[in-house]
There are 2 protein chains.
Amino acid sequence: MSVKEVLLRVPATCRPTSRDREKHELTESIEEYTEGIFRLQEEIEVVSTGDIAKYMGVAPASVTTMLKRLVEIGLVEHIPYQGVRLTTKGEQLSIALLRKHRLVERLLVDFLELPWEDVHDLACKLEHYISEDVASRISKAMGHPSTCPHGNPIDVTVGDGSKRLADCIEGEELTVAKITDERLEFLTYIMQIGLLPNTPITVQSRTPFGDVLSLDVEGIEGTIAIGRDVANSVWVFGRG
Amino acid sequence: MSVKEVLLRVPATCRPTSRDREKHELTESIEEYTEGIFRLQEEIEVVSTGDIAKYMGVAPASVTTMLKRLVEIGLVEHIPYQGVRLTTKGEQLSIALLRKHRLVERLLVDFLELPWEDVHDLACKLEHYISEDVASRISKAMGHPSTCPHGNPIDVTVGDGSKRLADCIEGEELTVAKITDERLEFLTYIMQIGLLPNTPITVQSRTPFGDVLSLDVEGIEGTIAIGRDVANSVWVFGRG
DNA sequence: AACTATTTTTAGCTTTGGCTAAAAATAGTT
DNA sequence: AACTATTTTTAGCCAAAGCTAAAAATAGTT
Ligand SMILES: [Mn+2]
Ligand SMILES: [Mn+2]
Ligand SMILES: [Mn+2]
Ligand SMILES: [Mn+2]
């Protein structure tokens with residue numbers, strides 16, 4: 001038997017994408033939708049098709065199609081025209097994904113020293129390709145961290161007791177807990193104004209309807225003024 | 001503006017798969033084929049549609065379709081009914097992918113302590129999702145290794161001076177260089193017979209047509225007999 | 001209650017990347 | 001040279017996951 005024949009009898013273990021996928025296996029898209037619905041459910045009572053479409057950046061019609069698939073797999077319950085709710089299976093998948101995502105972020109930032117504001121997008125991809133076992137090994141190697149580099153909990157089933165900065169009042173002394181908007185541009189801004197997790201801050205003033213908060217941020221000169229949107233995506237612990 | 005409205009104005013940065021992909025972006029499949037052709041070219045003169053089909057575990061018709069795409073992107077030259085050749089672009093892509101693959105394997109084995117025989121498949125997936133920058137950071141963090149855990153070179157442009165164990169003669173004193181068949185079952189067997197990279201071995205005997213080699217393997221009791229297929233996938237350095 | 005506006009779903013289209021079966025090209029043999 | 005066998009390509013199909021435009025359902029207003 002020639003070398004060539006031997007070579008061809010040893011196929012590349014890595015086969016093209018869709019080949020090995022059996023019907024209704026969990027794809028990246030399916031997982032991403034499930035995770036998205038989970039995040040929405042954390043904030044709003046009943047999640048609608050339109051909410052998901054806006055949140056995922058996708059046409060409502062695409063959501064309807066995907067919901068059918070998610071129902072078939074048993075990840076969500078869907079009452080047409082009414083709304084959507086994750087099943088236990090869907091919740092568990094989301095919890096596992098969020099854990100993988102945040103552990104990967106820790107590896108990327110703490111071990112590989114990738115920029116803090118950059119890693120979210122990469123983690124969002126990798127989370128779908130690593131097993132529970134790999135996640136556990138990352139956890140072990142990184143000393144079992146409890147949050148991602150942006151302060152978000154690796155185990156979402158345990159509350160952290162933080163509140164929105166938007167809900168804080170004049171004079172409160174706080175510590176930044178987590179940043180929930182992890183888009184690159186947002187995190188870049190957050191870094192500029194020094195609101196990294198664990199940073200002590202004080203609310204200097206708050207306008208009547210809470211449109212603007214003025215903050216004293218440790219390590220930053222002068223006073224920082226932030227708007228509602230920002231204050232809603234920054235969560236804090238009470239201090240003192 | 002309500003919390004809900006704010007939430008929906010902050011879309012999940014992670015959008016469903018195909019959404020952000022523009023036409024003819026390099027997909028996982030495209031990369032996998034390119035890499036496969038590269039590996040085939042290392043061994044055989046002219047690579048045919050059938051070779052690729054066998055090697056990738058795919059129908060010949062699928063290869064023809066994909067070749068059209070690869071030509072269009074400029075990764076290969078294809079003369080119908082004749083054969084295929086990677087362009088410089090295709091070679092460079094392959095070199096970059098192999099580097100990513102093998103660096104990821106190092107991270108998985110050396111830092112995360114995943115089993116040596118297990119990591120190939122995972123690396124095969126992850127290689128398509130990490131940037132050159134991430135690869136470089138892995139390289140740095142792992143002390144700039146020159147091979148993957150199975151001995152295969154991270155920079156394939158530099159030769160390592162190894163030869164096939166199948167081409168060795170009676171009495172030769174050797175050191176295992178690399179295992180080129182990285183399928184789980186094969187590596188599991190290799191581990192059982194102790195042929196890990198860097199292991200010193202001696203060829204005790206060789207049958208007339210080289211069908212069977214009997215080896216003395218350091219750390220393993222008695223003599224190990226291996227066949228042609230195995231001896232073709234194990235590469236060695238001369239010792240002495 | 002009737003009309004209008006919004007939301008959701010349906011219908012039908014697209015790309016990627018597989019597949020099988022049939023047709024065409026190449027190679028091998030008498 | 002002609003026939004046969006093998007290889008490659010073409011043709012036509014499928015699933016996933018997007019899209020737009022039209023239809024249907026729900027909600028809001030007079
Ligand atoms: Mn993701
Ligand atoms: Mn994070
Ligand atoms: Mn791969
Ligand atoms: Mn390897």
Side-chain angles (χ1 to χ4, degrees), chain A residues 4-5 8 11-12 14-37 40 44 46-73 75-84 128, chain B residues 4-5 8 11-12 14-37 40 44 46-73 75-84 128:
Chain A
K4 175 177 166 176
E5 280 167 321
L8 294 182
C14 326
R15 318 262 285 292
T17 330
S18 43
R19 180 61 218 272
D20 303 301
R21 189 162 51 212
E22 56 225 37
K23 228 185 167 186
H24 275 153
E25 207 184 289
L26 300 184
T27 64
E28 195 184 316
S29 254
I30 289 171
E31 291 190 343
E32 207 64 56
Y33 273 99
T34 306
E35 212 185 318
I37 295 169
L40 285 168
I44 58 184
V46 51
V47 175
S48 71
T49 299
D51 294 340
I52 299 170
K54 260 180 223 135
Y55 193 63
M56 305 295 291
V58 129
S62 304
V63 174
T64 304
T65 313
M66 180 53 86
L67 285 179
K68 289 213 190 85
R69 208 164 344 215
L70 296 181
V71 166
E72 220 176 331
I73 305 171
L75 292 167
V76 307
E77 277 157 28
H78 179 220
I79 304 167
Y81 294 101
Q82 299 297 94
V84 127
H128 308 288
Chain B
K4 174 176 168 177
E5 281 167 322
L8 294 182
C14 326
R15 318 264 284 291
T17 328
S18 41
R19 181 62 219 272
D20 302 302
R21 190 161 52 211
E22 56 226 37
K23 231 186 167 185
H24 276 156
E25 206 184 289
L26 299 186
T27 65
E28 194 184 317
S29 254
I30 288 171
E31 292 190 340
E32 207 64 56
Y33 273 99
T34 306
E35 211 184 321
I37 295 168
L40 286 168
I44 58 184
V46 50
V47 175
S48 71
T49 301
D51 295 340
I52 299 170
K54 263 179 219 134
Y55 192 63
M56 304 296 288
V58 126
S62 305
V63 174
T64 304
T65 314
M66 181 54 85
L67 285 179
K68 289 214 191 86
R69 207 163 340 205
L70 297 181
V71 166
E72 219 176 331
I73 304 171
L75 291 167
V76 306
E77 276 155 30
H78 178 220
I79 305 170
Y81 294 100
Q82 298 296 96
V84 127
H128 309 288

Generate the contact string for nucleotides 4-14 of chain D. Rules: B means base contact, S means sugar-phosphate contact only, - means no protein heavy atom under 4.0 Å. ----BBB----
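Shown here for B:Leu67 and B:Val84, the closest heavy-atom pair between the two residues is CD2-CG2, 3.5 Å. Summarising the geometry of A:Gln82 relative to A:Val46, their closest heavy-atom pair is O-CG2, 4.1 Å, with the distance given to 0.1 Å. Across all non-hydrogen atoms, the minimal contact from B:Ala53 to B:Ala59 is CB-C, 4.1 Å.
One interatomic measurement links the two molecules: CG of A:Leu26 to C1' of D:dA16, which rounds to 14 Å at whole-angstrom precision. A straight line from CE of A:Met56 to C1' of D:dG18 spans 12 Å, rounded to a whole angstrom. Computed from coordinates, the B:Glu72 CD to C:dT15 P distance equals 11 Å when rounded to whole Å. Between B:Ile73 atom CD1 and C:dT15 atom P there is a gap of 15 Å when expressed in whole angstrom units. As rounded to whole Å, 10 Å separates atom P of C:dG18 from atom CD of B:Glu32.
Rounding to the nearest 0.5 Å gives a distance of 8.0 Å between CE of B:Met56 and CD of B:Glu35. For the atom pair NE2 (B:His128) and OG (B:Ser29), the distance works out to 8.5 Å, reported to the nearest 0.5 Å. With rounding to the nearest 0.5 angstrom, the CD1 atom of A:Ile30 is 7.5 Å from the CG atom of A:Leu75.
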Evaluate A:Glu32 against A:Met66 for side-chain contact (heavy atoms from CB on, under 4.5 Å), listing each step before the verdict. CA-CA 11 Å; A:Glu32 207 64 56; A:Met66 180 53 86; over 6 Å; no
Using the rule given for side-chain contact (heavy atoms from CB on, under 4.5 Å), can you reason through A:Val47 versus A:Ile52, listing the C-alpha separation, both sets of side-chain angles and the distance that settles it, and then say yes or no? CA-CA 7 Å; A:Val47 175; A:Ile52 299 170; 3.6 Å; yes
A correct dot-bracket answer for DNA chain C, with pairs being Watson-Crick or G-U at under 3.5 Å, [ ] for crossing pairs and | for inter-strand pairs, is ||||||||||||||||||||||||||||||
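Of all nucleotides listed (C:dT16, C:dT20, D:dA16), C:dT20 comes nearest to the side chain of B:Ala59.
A close approach under 4.0 Å does not occur between any side-chain nitrogen or oxygen of A:Tyr33 and OP1 or OP2 of D:dA16.
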